[in-house]
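Report on the following structure.
Just so we're on the same page: letters track the sequence lines, and every chain starts at 1.
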Amino acid sequence: MFQKVGDAEFVRGEHEVLKLWDQQAIFAKLRQKIAGKQPWSFLDGPITANNPMGVHHAWGRTYKDTFQRYWAMNGRDLRHQNGFDCQGLWVEVEVEKQLGLGAKSQIEAYGIDKFVHTCKQRVLKYAAIQTEQSIRLGYWMEWDDPQQLRKLAAAIGTDETVEFSPPKLPETVIRDTAEAIVAKLGNPDWGGSYFTFSTENNETIWTFLKKCFERGKVYRGHDVMPWSGRGGSAYSQMEVADGRKLTVHRSCFVRFPLVREERQTVVAGQDQEYLLVWTTTPWTLTSNVAAAVNPELEYVKLRSKRDGGIYYFAKDNLDFQRLAKEYKEGFGRPEWMWPAGVPKLKTIGQFFKEIGGYEIEGTLKGAEMIGWQYLGPFDDLPAQTIAGGVPCDPQLEQKNGVSCHRVIDGGRDFKGSANVVAGEGTGIVHIAPGCGDVDHQLGKAAELVGIAPLGEDGRFIEGFGEFTGREATDPATIDLVLTRLKERQLLVADEKYPHIYPFCWRTGDELVFRLVDEWFINMDWREEIMQVTDQIRWLPDSIQGGEREREWLTNMRDWMISKKRFWGLALPIWVNPEDPTDFDVMGSLAELKTRAVEGWAEFEGHTPHKPWIDLVKIRSEKTGAVLSRVPDVGNPWLDAGIVSFSTLGFNTHPDYWRKWYPADLVTECFPGQFRNWFYSLLSMGTMMNWDRTEDPVEKRPFKTLLGHRLVMNEAGKPMHKSDGTAIWFEEAAEQIGVDTMRWMYLAQNPSLDLRFGTRHPDQPVTLETVKGPTNLTIDGVATHRVTSTPADETRRMVMIPLWNSYAFFVNYARLDEFDPTAPQVPVANRPEIDRWLLSNLQALISGMRTAMEDYNSSEAARLAATFIDDLSSWYIRRNRRRFWRSKDANDQDKLAAYQSLHTVLVTLTKLLAPMVPFLAERMYQNLVRSHESSHENGHENGHESGQAAGTGNPAEVPESVHLCDYPTPDLALLDLDLNESMSAAQTVVALGHKLRDDADRRVRQPLPELRISTSSLLQREAIERLSDLIREELNVKQVTVCDSLADIVKYVYKANLKTLGPKYGKLLNLLREKLPGVDGRLMEPLRAGQSVRVTLDGHEIELEPADVQVGTEQATGWVCTDDRGIQLALSTELTPELLREGMARDFIRRVQQLRKDASLEIESRIRIAYQTDEPLVAEMLIEWGELIRGETLADQIESMGSISTAMEEVVVGEAKVHISIEIV
RNA sequence: GGGCGUAUAGCUCAGUUGGCUAGAGCGCAGCUCUGAUAAAGCUGAGGUCCGUGGUUCGAAUCCACGUACGCCCA
């Protein structure tokens, strides 16, 4: 027996389904069902286990779950492995906050071992939280028990023995220290989520780096990198992009005196020549080494009238309006408007005018200036005269900073654009190879010494006089520089200069450019990676992912893999402290053990992390020296990029790896990932396989990538944690409902931002969760109201109509005691509309399969929504009466209706199960499981498509919809002609409603006749076939299909430009204008499918039916319209009989509304009382009383002499009537 | 500065190899249907298809230039 169905209560239903899955261990049964089948390999991109999930995480996780469920229902084996990203600065940042540590030195004082333990604990804590949240989302993965993860977290850093049962071996109890267990989480034998801090993950990166080393790609490099003083670390190219801000610097114009001959004394004043240079970072002038020009640019020789000094700079810059556009329009983002309080910038010409005017004495090419020597502004600093520069380059020991001061060619970048251009500056660029990226490269090319002024803390090192110890970015430092320049009469002007500048994404501090030595992978094998990239399908097409990835690969620099921090991959590079060129890379812990000369015993028993791994020393095979590990940790994208090897057991379970590599699908939020995760996966896949195969197809780590954009608030703006607008996962889940959210994500075009909803930080709310009411999130944040228009729309358009269709079926099936196991009425004997519904269902099944296999969930959602709409507002609405006819065991038509609808609903639950797993489960449990399973086989046989069809297998009906097979289309039931016909009929009905609207005739008022004419035979047949339906639907007494509506309608013939254009070309305009004016009688054969010949302005034109489009215009006594070749005319004539019938239907409708208002049961019988002064009403009741009583289940209709208080005034036809009802 | 992309109704977006009177959803107004559903359906108002030029019988669509915005890279 079906259970009675009431309001949907989606969220409460989800809670019940979660309990059901849990109690009956449905997921475990699914794992059993698919074990050993053909694999479908999904690779999860690790989620950072550092914070709770927000709604933005749920989008990708919905894709991941949906496609995995889909393939599981198709009988494919899956690994169901989630991943957590565990190592890196982002965890350190939070742990620093948690422990109140502000600088690297404080961490060292606290103890790196304790710090690293806390990092591990934090990761385990948030892994547990994210696991619980994911389960709430319905994300089916082989999860670790969150309580076990918490237990492990608590025991980290202690010697106590912890008991642990892995997800794959629930009966087994592992006893070991927390550290030892945690190091092995997620291995193929244990199952459960993978953690990138696991020893296998770290060790597989060692394998990768070893391969790089063997190919000679690992090197230690000096480079000028963005550096954070407080963070004590360089930032990679990938990270800097995320931290740019608009800021105001004090920039200055400085003059460098030229020296034309040796030992020339420089005296400010008449005829002294200067290079005019400009910089936004005055502190770098301390480390100036050279000045660069563009040889092709024209420079001007300007004499200042004040002291007769001569200045050189780019001619175009004299009157160049600097930042003129930015002054008006800002810097490219709404929040980057010109800062208040910063005046408009002056031109260089203006500066000279303000100090007494100038004269132009001539121009010259930059090429002529190359080689000129000058005096630097801070040549008195010791660093400027140290041989070989700072740090000393042994190759350049005969030079120092001062001796390098000359004008050089600024050169071109790798794209061929000049490094020095006219514009913002002066066309002469101050070069400090120790303080700038381009400067560094130019310096190397020109064999200049470098002067690197800053230490790891971002302060000046020894050798910089009064600057030593000062912070480069401190405004007081800038002031000091400017003061000294002024004293030396070198400062021409200074100003406030706004620009976009990199900041540290974690401390918010300004970054400086600092010469660092870091470890790099030489990426000169980028071509190999591109070939792999080309073998991958990048979805969605519209974002051109393959091209984006190629672009990154083309332009990227060498990969900086080191970071001077504490928590992360221990880079397996051991180096000679005396000689940086003497280094070796370890490919595994086993190799390290055989090479170790000290420290192994102390290290053993710990994970390969700092500080323990640093104890191990090895001996150089080259020099015999003792090598120490570089103190750095690794770039975290190494951790995430290796997972297609580490989690598949590349080193430890090679058969397993071969079975599951490459992944069929990866899916991730794409902004940023082309240079991050996708990049590291691709490059690591390429390198790991380089010695195995030449074929890029075999190297690729994944076959298809599905990217999606970002989740925004409803206004399309980013949501921020800081201002309370970021929506936490459970807030959305418990207020909006998880199925609804999932549908929103799946229906969204992945190439566009999803405007999810709005969080109201001023409206606290109590959430009803599975565990009871709460007003805090899992992480202790107060919960607030979340509104979402797209969610409301999804519920209104999809979820509620589906639920109501289901409720309609169940509630009538209960009343009627419908037995789903009764023998099936043969489909051929069912009414046309049932066959249409079943045919449409087959079209839906194949459409959804195609869409899902193409990872196009938005198409799948669209198809399903259209079907649900057809089901609810067409099939059920049209067929209601078949369900509520009186009980009659032999009513085959009624049985057919129940069977058709039941089949459709059951199939729908399976089709939708991957998308809305909760709702599908609830419906399935009632539609299928509420009956004894032994009966189900009979029902599932016959015309029902799906796994049970025709098998006669006495096995039980699956316990859960998620243990069913995904439906396959039954082509015997697919009737495309019928689908077309119904679509034509639906068009006719829509047009008919429009006509009624035009004529101001409500649908309850019957009208005498509808005439239809079509241009195609197919449509004509379709309409004839479905004319009864059209008649009922439009409430007309007669539907007539005619050859012509000529007697009531005037036809209009228009040229079909698409077919006539190619035939007649220039004559087309004539045709378009004249054709509608041709005598209609000449054109009539066209509507019968024959060609005609007409003469227009002397041109003989042959017209085929396809060349002409027939429309209708103006009618007499009728209203008419046309669309898609169908013409309709509706008679609006009303007879007294028709009027009375219309009133009767009004009367019925009003009574039904009263029944509903009184919440009567469907089967309750009533008595109707009415009062009216209109005699027409009484006449109508005599004629139609029996129908009214039947329709409204009324035993009697009584006329009352007066109006009672229970009565409501209603309008019937044009008459006012007072009506009341009461239960008999 | 370079590369890629986008520009269509108040908002969010479709619009096929060039074809008629440019569409949908939301919002707004009106009407209608309802014995499952205050769910929905229909109708209407609302458009410089970013601008200018070109190709063509014909351009939202193709081409060129410009403008604005987005993303990526410098």
Side-chain angles (χ1 to χ4, degrees), chain A residues 5-8 237 241 329 332-334 413-419 421 423-424 437-438 542-544 547-552 554-557 670-672 674-675 709 714-716 748-749 751-755 789-790 792-793 795-812 869 872-874 876-877 880-881 883-884 989-998 1000-1005 1033 1035 1054-1072 1075-1076 1109 1111 1145 1148-1149 1151-1153 1155-1156 1160-1164 1191-1193:
Chain A
V5 174
D7 285 347
Q237 209 183 340
E329 297 166 13
R333 284 192 201 168
D413 65 18
F414 68 96
K415 283 183 193 156
S417 321
N419 282 319
V421 290
E424 286 307 316
D437 179 19
V438 175
S542 63
I543 63 162
Q544 299 173 294
E547 271 120 276
R548 285 199 199 198
E549 192 61 59
R550 261 189 163 272
E551 193 191 312
W552 163 257
T554 307
N555 296 329
M556 67 177 180
R557 310 260 290 260
F670 67 77
F674 291 101
R675 61 167 192 269
R709 272 198 64 95
E714 221 163 314
Q748 172 74 4
N749 176 345
S751 63
L752 300 173
D753 287 339
L754 173 61
R755 298 175 167 221
T789 315
D792 294 342
E793 199 180 320
R795 223 177 281 114
R796 221 169 55 213
M797 305 285 279
V798 183
M799 316 285 288
I800 292 176
L802 176 60
W803 182 264
N804 287 333
S805 302
Y806 154 74
F808 171 83
F809 168 83
V810 168
N811 291 339
Y812 280 99
D869 184 52
S872 165
S873 21
W874 190 253
I876 296 182
R877 192 172 54 77
R880 272 185 296 235
R881 284 166 183 274
F883 291 87
W884 68 65
V989 168
L991 288 172
H993 280 135
K994 173 180 148 59
L995 287 180
R996 280 188 163 272
D997 195 66
D998 289 348
D1000 199 17
R1001 294 279 189 272
R1002 66 192 189 281
V1003 178
R1004 277 192 301 272
Q1005 174 60 59
E1033 190 65 24
N1035 194 17
K1054 289 186 196 164
N1056 181 359
L1057 304 182
K1058 202 163 184 171
T1059 59
L1060 289 173
K1063 286 190 217 167
Y1064 294 102
K1066 289 196 181 188
L1067 280 177
L1068 204 64
N1069 261 336
L1070 176 79
L1071 277 167
R1072 191 170 61 181
L1075 210 55
Q1109 291 170 331
R1145 296 211 23 192
I1148 293 167
R1149 168 77 195 107
V1151 174
Q1152 301 294 23
Q1153 188 61 44
R1155 287 184 63 114
K1156 192 173 159 192
L1160 297 194
E1161 292 297 323
I1162 296 168
E1163 64 272 24
S1164 304
E1191 288 289 311
T1192 59
L1193 297 188

Given atom [atom1] of [X] and atom [atom2] of [N], what is their separation to the nearest angstrom?
| X | N | atom1 | atom2 | value |
| --- | --- | --- | --- | --- |
| A:Glu549 | B:G5 | CD | C1' | 17 Å |
| A:Asp792 | B:A39 | CG | P | 10 Å |
| A:Arg1145 | B:U32 | CZ | P | 14 Å |
| A:Arg1155 | B:A36 | CZ | C1' | 14 Å |
| A:Arg795 | B:A38 | CZ | P | 16 Å |
| A:Gln1152 | B:C33 | CD | P | 14 Å |
| A:Phe674 | B:G70 | CZ | P | 19 Å |
| A:Gln544 | B:G70 | CD | C1' | 14 Å |

How far does the [atom1] atom of [N] sit from the matching atom of [M], given to the nearest Å?
| N | M | atom1 | answer |
| --- | --- | --- | --- |
| B:G23 | B:G15 | P | 15 Å |
| B:A64 | B:U55 | P | 15 Å |
| B:U12 | B:A7 | P | 13 Å |
| B:C33 | B:C42 | C1' | 10 Å |
| B:A68 | B:G30 | C1' | 38 Å |
| B:C49 | B:C31 | P | 33 Å |
| B:G19 | B:G3 | P | 31 Å |
| B:G27 | B:G70 | P | 29 Å |

Ignoring the backbone of [X], work out which of [options] is nearest its side chain.
| X | options | answer |
| --- | --- | --- |
| A:Arg1004 | B:A40, B:G35, B:U34 | B:U34 |
| A:Ile800 | B:A39, B:A36, B:C73 | B:A39 |
| A:Trp552 | B:A36, B:A40, B:C73 | B:C73 |
| A:Tyr812 | B:G35, B:U37, B:U12 | B:G35 |
| A:Arg1149 | B:U32, B:U34, B:C73 | B:U34 |
| A:Arg548 | B:C72, B:U34, B:C71 | B:C71 |
| A:Pro801 | B:C72, B:A39, B:U32 | B:A39 |
| A:Arg880 | B:G35, B:A40, B:C73 | B:G35 |

What distance separates [X] [atom1] from [Y] [atom2], expressed to the nearest 0.5 Å?
| X | Y | atom1 | atom2 | result |
| --- | --- | --- | --- | --- |
| A:Glu547 | A:Thr554 | CD | OG1 | 11.0 Å |
| A:Thr789 | A:Arg796 | OG1 | CZ | 9.0 Å |
| A:Arg880 | A:Tyr812 | CZ | OH | 9.0 Å |
| A:Ile1148 | A:Arg1004 | CD1 | CZ | 10.0 Å |

Check your understanding: Are A:Phe809 and A:Phe883 close enough that their ring centers fall under 6.0 Å?
Key ->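 So the answer is no for these two rings.
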Exercise for review: For the pair A:Gln748 (side chain) and A:Leu752 (backbone), establish whether a donor and an acceptor sit closer than 3.5 Å, ignoring hydrogens and angles.
Suggested key: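 It does hold such a pair.
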Check your understanding: Is the backbone of A:Val798 close enough, under 3.5 Å, to the side chain of A:Glu793 for a donor and an acceptor to pair up by distance?
Key ->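 No; judged by distance alone, with no hydrogens or angles, the pair does not exist.
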Point to revise | Closest non-hydrogen atom pair between A:Phe670 and A:Arg709, with its separation | key: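 In terms of heavy atoms, the two residues are closest at CZ-CG, 3.2 Å.
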Practice item. Taking only the side-chain nitrogens and oxygens of A:Arg877, find out if one of them lies under 4.0 Å from OP1 or OP2 of B:A36. Key: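 A:Arg877 to B:A36 OP1/OP2: no side-chain N or O under 4.0 Å.
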Practice item. Using only heavy-atom distances, decide whether a donor-acceptor pair under 3.5 angstrom links the side-chain of A:Ser873 to the base of B:A39. Key: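 Check fails, no donor-acceptor contact within cut-off.
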**Study point:** A:Asp869 vs A:Ser805, nearer the 5' end of RNA chain B by closest nucleotide
**Key:**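 Of the two residues, A:Ser805 wins.
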Check your understanding: Which dot-bracket string fits RNA chain B when only Watson-Crick or G-U wobble pairs with both atom distances under 3.5 Å count, crossing pairs get [ ], and | stands for a partner on a different strand?
Key -> (((((((..((((.....[...)))).(((((.......))))).....(((((..]....)))))))))))).
Review point. Is A:Ile1148 touching bases, backbone alone, or none of the nucleic acid, heavy atoms closer than 4.0 Å?
Key: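 A:Ile1148: no heavy atom of the nucleic acid under 4.0 Å.
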Report all interatomic pairs (protein N or O, nucleotide N or O of nucleotides 21-27 of chain B) with separations under 3.5 Å.
{"residue": "B:U21", "atom": "O4", "partner": "A:Lys1054", "partner atom": "NZ", "Å": "2.3"}
{"residue": "B:G25", "atom": "O2'", "partner": "A:Glu793", "partner atom": "OE2", "Å": "2.6"}

